[in-house]
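Here's the structure, in structure tokens; my notes come after.
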Amino acid sequence: MLEVLTAGVVLSIAMIGLALMFSLGASFVTAEGGERVALYLAQQRMEELRAIGLARATAETEREIPGFPPGCPATTPCQFLRSTTIVGGTDPDGSGDVPRLITVSVRSLVRQAGPIAVTAVYIKH
């Protein structure tokens, strides 16, 4: 009888360990998905800036991304925050004569997902 009880305890401990491992694995998969979406959103913003011209790009403070995820209600926080920073001189006339370092950062609010940054260097040549 003691052997059966001991085997049951060992088996229970092993099952709890497996359950915790699967739970941790699922959270890492969720975080990776959040990082992929964050990278997509950073690239999307960089493409918007390229479309208007990097010389005319403007900085953006960290804020929620409008319309993402689709159907995100205004009363609850969304899952991603984005900011655009520009290092270099200002280019008021948009001539492009001023070199600029443009960085778009997207921070995911998904658990365990890290921030993503996409950087472009604009130099007129």
Side-chain angles (χ1 to χ4, degrees):
M1 184 71 159
L2 184 60
E3 290 134 357
V4 172
L5 184 60
T6 304
V9 168
V10 169
L11 188 59
S12 297
I13 291 171
M15 295 300 285
I16 289 172
L18 281 173
L20 290 174
M21 185 176 67
F22 281 115
S23 173
L24 185 62
S27 67
F28 283 131
V29 168
T30 301
E32 179 63 30
E35 288 177 357
R36 286 182 183 182
V37 172
L39 178 61
Y40 166 76
L41 293 170
Q43 289 173 336
Q44 181 185 40
R45 174 67 176 156
M46 192 61 75
E47 290 301 320
E48 290 172 4
L49 295 175
R50 284 189 181 127
I52 64 170
L54 292 177
R56 293 183 181 88
T58 57
E60 171 186 71
T61 60
E62 185 174 70
R63 61 184 178 92
E64 292 180 355
I65 299 170
F68 196 87
C72 180
T75 57
T76 60
C78 295
Q79 296 180 354
F80 298 94
L81 301 174
R82 179 174 62 200
S83 65
T84 304
T85 57
I86 299 175
V87 178
T90 58
D91 194 6
D93 60 355
S95 64
D97 293 331
V98 180
R100 308 173 96 190
L101 179 68
I102 302 167
T103 303
V104 176
S105 300
V106 177
R107 187 167 55 97
S108 172
L109 300 178
V110 175
R111 182 176 61 160
Q112 296 179 353
I116 299 292
V118 176
T119 303
V121 177
Y122 175 77
I123 300 174
K124 185 176 180 179
H125 50 84

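Values below: every heavy atom of this structure, side chains too, minus hydrogens, waters and symmetry copies.
Rounded to the nearest 0.5 angstrom, S83 OG and R63 CZ are separated by 10.5 Å. The CD1 atom of I13 lies 12.5 Å from the CG atom of L18; values are rounded to the nearest 0.5 Å. The CD1 atom of I16 sits 7.5 Å away from the CG atom of L20 when rounded to the nearest 0.5 Å.
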Test log, rule side chain to side chain contact (heavy atoms under 4.5 Å, CB included), inputs R100 and V87: CA-CA 6 Å; R100 308 173 96 190; V87 178; over 6 Å; no
Under the side chain to side chain contact (heavy atoms under 4.5 Å, CB included) criterion, do T85 and L101 qualify, and how do the steps go? CA-CA 8 Å; T85 57; L101 179 68; over 6 Å; no
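Nearest heavy atoms, A57 versus I52: CA-CD1, 4.3 Å. L41 approaches I65 most closely through the heavy-atom pair CD1-CD1, 3.4 Å.
A heavy-atom distance below 4.5 Å is found between the side chains of I102 and T84.
Under the side-chain contact (heavy atoms from CB on, under 4.5 Å) criterion, E48 pairs with Q44, R45, not counting sequence neighbours. In this structure, the side-chain contact (heavy atoms from CB on, under 4.5 Å) partners of R107, at least two apart in sequence or on a different chain, are E62, L81, L109. In this structure L39 satisfies the side-chain contact (heavy atoms from CB on, under 4.5 Å) test together with Q43, I116, V118, sequence neighbours excluded.
More than 12 heavy atoms of other residues, nucleotides or ligands shown are found within 6.0 angstrom of CE on M21.
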